[in-house]
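Counting starts at 1 for both ligands and their atoms, following the listed order. The figures here come from the full heavy-atom set of this structure, side chains too, leaving out hydrogens, waters and symmetry mates.
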Amino acid sequence: MKAQNVPVQKPQLFATSRPLSRLNDVYLPRRGYPLYVTTPIYYVNDVPHIGHAYTTIAGDVMARFWRFLGWPTYFVTGVDEHGGKVAQSAKSKNVPAQAYVDDMAKIFRSLVQALNAVPDDFIRTTEFRHHQAAQALWKTLEDRGHIYLGTYSGWYAVRDEAFYSEDEIQDGKAPSGAPVEWVEEPCYFFKLSAWQKELLAYYQENSHAIRPKERYNETLRFIESGLKDLAISRTKLSWGISVPTHVGHVMYVWMDALTNYLTVLGYPDVEQDNFKTFWPHSVHLVGKDILRFHTVYWPAFLMAAGLKPPERVFAHGWWTREGKKMSKSLGNVLDPFALIQRYGADALRYFLLKDIRFGQDGDISEDALLQCYNQDLKNTLGNLAQRILAFIDRYCSNDFKESKSPPIDSEHEALQTWGRRALPYLKFCIEQEDLYGYIDLLQTSVQQVNAYITKFEPWKMLNIPEKASHLLEGLYSLCMFLRDIALLFSVVLPKTMEKLLQQMGEEKEISSGSIQRLGSPLSTALWPKPEPIFDLENV
Ligand code: MSP
């Protein structure tokens with residue numbers, strides 16, 4: 001994604017000091033620039049956990065927003081099926097590796113569905129297309145003179161699938177706390193040391209290529225401290241992609257895995273439409289623990305292969321549970337399937353993005369999730385919808401059917417134009433991966449409108465003929481606000497907002513370019529009886 005350097009000011013809902021822009025003032029062009037958003041491909045050595053759900057949700061929200069704009073979007077997630085860690089899991093279960101990954105991939109795919117995420121592709125690294133792509137990249141690097149044969153002797157942590165030098169080992173463990181083993185084997189190396197200058201120059205010129213800022217700084221410090229050549233093949237392991245033309249070597253799992261970002265675009269056929277449209281306009285969403293792989297190794301491989309580095313790597317933080325790291329041995333891992341079953345995918349999507357700013361660490365507890373559900377979703381957003389729709393249904397549905405009110409009062413105009421006026425800032429938030437900011441603007445405006453209704457006092461206007469048109473106009477404006485909020489919130493809360501749109505006689509499907517629906521007239525003729533949109537019994 002293009003770096004967005006010009007901040008967009010946060011808009012005010014009831015901006016009375018300056019004239020409101022008219023409905024058709026919004027500048028967004030129909031065809032903008034492409035967004036290629038990726039999640040890491042997840043190791044299938046174990047069942048999915050909340051960390052996996054987190055990045056998939058974030059990527060899905062960004063992709064849904066971009067599609068809503070009608071701009072070219074490609075969103076990909078998938079699974080990392082090779083390497084020692086996965087091989088060990090298959091072995092411990094006494095299952096052939098391929099059969100094991102086939103089963104696990106199904107579970108990861110079902111998490112994507114359960115989260116209501118809609119990727120354009122789901123990649124598995126055991127697929128033929130990926131073998132082809134990874135081998136093609138290897139050959140290109142080798143042909144261009146960036147690979148040589150040597151011997152690796154050093155530490156390796158299977159849990160991290162990472163090589164560590166002597167000085168990185170602390171108390172016999174990797175910096176991540178993972179156990180390490182001494183490895184000595186012939187292997188191929190990638191001349192990473194040769195890329196130090198280019199990487200530094202690239203990042204100095206592209207300060208938005210890594211976000212948040214502290215991850216950018218961390219990467220720069222790492223590169224400045226000097227880069228060593230990287231072992232990129234293994235001979236003691238057979239579960240992986242064979243190194244083309246060098247029998248007995250399989251590719252280092254990270255070399256294999258990173259290539260997935262090209263495979264899904266059709267690499268090695270760089271003339272394919274998808275490749276031409278989306279590379280290098282990527283936002284690789286990753287956890288902070290796998291930063292270095294994405295901000296040092298990956299761009300170096302790409303530059304060495306004559307390809308452009310990714311435009312953005314965004315590293316998010318880690319979730320702990322009640323202050324502790326989640327791990328199987330502590331028995332405190334949160335199962336995303338169970339949370340979805342209890343609270344619904346929308347609640348989980350909302351909570352994970354609203355509880356902490358994307359990029360920071362956070363602590364998760366089921367209590368906090370339930371509290372967020374009740375406070376933000378049920379009692380604020382759900383309450384606003386119910387207040388407006390139930391009022392109309394109960395007191396004035398016949399008159400409302402006929403109403404097509406032009407805005408007169410400035411507050412009504414503010415409500416009617418809000419969706420469109422909020423758009424530039426919301427787009428800016430997505431471009432900054434500020435998913436918290438996106439939600440916060442919508443949620444704050446919902447709170448303001450709840451307060452506005454209390455001031456507007458529609459119930460006091462009932463049965464007063466001279467107030468009838470003002471009442472209808474106010475309700476119409478509130479409904480336009482609500483419909484636009486439903487459209488904009490649908491990227492975070494797809495299922496619930498579908499319900500809300502249906503209750504307002506709207507097309508529930510959000511399709512490419514649905515942005516045009518913001519600020520459009522309502523179709524008030526046939527609204528079904530309103531029902532609460534947040535209701536745990538119906539999850
Ligand atoms: N297979 C590699 C990625 C290859 S991408 C080319 C991998 N897989 S993983 O399954 O171990 O981790 C996937 C992601 O989950 C990482 O981004 C990691 O940061 C994230 N998380 C793992 N535990 C997490 C939390 N407790 N909280 C948030 N995210 C966490 O690494």
Response to the item:
for atom 16 (C) of ligand 1, nearest protein heavy atom and its distance come out as I290 CD1, 3.8 Å
Worksheet item: Looking at atom 15 (O) of ligand 1, what's its closest protein heavy atom, distance included?
Response: H52 CD2, 3.9 Å
Worksheet item: Hey, is the main chain of G248 close enough, under 3.5 Å, to the side chain of T235 for a donor-acceptor pair?
Response: no
Item to complete: Quick one: look up the protein heavy atom nearest atom 8 (N) of ligand 1 and list residue, atom name and how far away it is.
Response: Y43 CD1, 3.2 Å
Item to complete: Using distance alone, determine whether Y261 and ligand 1 share an N or O pair under 3.5 Å.
Response: no
Worksheet item: Does any N or O in the side chain of K288 come within less than 3.5 Å of the main-chain N or O of D361, such that one atom is a donor and the other an acceptor?
Response: no
Worksheet entry | Parallel, tilted or perpendicular, as decided by the 30° and 60° cut-offs, for the rings of Y261 and H294 | tilted
Worksheet item: When you look for heavy atoms under 4.0 Å from ligand 1, do you find them on the side chain of E161, its backbone, both, or neither?
Response: neither
Practice prompt. State the atoms of ligand 1, each with its element, that fall below the 4.0 Å cut-off from a heavy-atom position in A257.
Written response: 6 (C)
Discussion item. Tell me whether R215 is salt-bridged to E218, with the criterion being a basic N under 4.0 Å from an acidic carboxylate O.
Written reply: yes
Worksheet item: Is there a donor-acceptor contact under 3.5 Å linking the side chains of Y188 and H246?
Response: yes
Worksheet item: What do you reckon, does G287 have a nitrogen or oxygen under 3.5 Å from a nitrogen or oxygen of ligand 1?
Response: yes
Practice prompt. Kindly say whether E161 contributes a backbone atom to a donor-acceptor pair with the side chain of Y252 at under 3.5 angstrom?
Written response: yes
Discussion item. I want to know if ligand 1 touches I41 in the polar sense, i.e. an N/O pair below 3.5 angstrom.
Written reply: yes
Practice prompt. For G317, take its heavy atoms, then give the atoms of ligand 1 lying under 4.0 Å from any of them.
Written response: 28 (C)
Response to the item:
Among non-hydrogen protein atoms, atom 13 (C) of ligand 1 lies closest to Y42 CD2, 3.6 Å
Worksheet entry | Close-contact set for ligand 1 against H316 heavy atoms, below 4.0 Å | 28 (C), 29 (N)
Worksheet item: Taking everything shown except E224 itself, do over 12 heavy atoms lie less than 6.0 Å from its CD?
Response: yes
Discussion item. Looking only at the side chains, is there a donor atom on one of T56 and Y42 sitting less than 3.5 Å from an acceptor on the other?
Written reply: yes
Worksheet item: Would you say W318 has any N or O atom under 3.5 Å from an N or O of ligand 1, going by distance alone?
Response: yes
Item to complete: Measure the distances from the heavy atoms of W298 to every atom of ligand 1 and state whether one is below 4.0 angstrom.
Response: no
Fill in: For atom 22 (C) of ligand 1, closest protein heavy-atom neighbour
H49 CE1, 3.3 Å
Worksheet item: Under 6.0 Å between ring centres, would you say that holds for Y54 and F358?
Response: yes
Worksheet item: Which atoms of ligand 1 sit under 4.0 Å from any heavy atom of D80?
Response: 1 (N), 2 (C), 4 (C)
Discussion item. Closer than 3.5 angstrom, by distance alone: can the side chain of W279 be matched with the main-chain N or O of K308 as a donor-acceptor pair?
Written reply: yes
Fill in: Non-hydrogen atom of G83 closer than 4.0 Å to ligand 1
no
Worksheet item: Does R129 pair with D121 as a salt bridge, N-O distance under 4.0 Å?
Response: yes
Discussion item. Residue-level breakdown please: for W254 versus ligand 1, do any non-hydrogen atoms fall below 4.0 Å on the side chain, on the backbone, on both, or on neither?
Written reply: side chain
Worksheet item: Got an N/O contact under 3.5 Å between T55 and ligand 1?
Response: no
Discussion item. Could you check whether R234 makes a cation-pi contact with Y156, meaning its NZ or CZ is under 6.0 Å from the centre of the six-membered ring and within 45° of the ring axis?
Written reply: yes
Response to the item:
Taking only non-hydrogen atoms of P40 and a 4.0 Å limit, the atoms of ligand 1 in range are 3 (C), 5 (S), 17 (O)
Worksheet entry | Closest protein heavy atom to atom 18 (C) of ligand 1, given as residue, atom name and distance to 0.1 Å | D289 OD1, 3.4 Å
Worksheet item: Below 4.0 angstrom, N of the basic side chain to O of the carboxylate: do D60 and R64 qualify?
Response: yes
Practice prompt. For atom 26 (N) of ligand 1, find the nearest protein heavy atom and state the residue, atom name and distance (0.1 Å precision).
Written response: W319 O, 3.1 Å
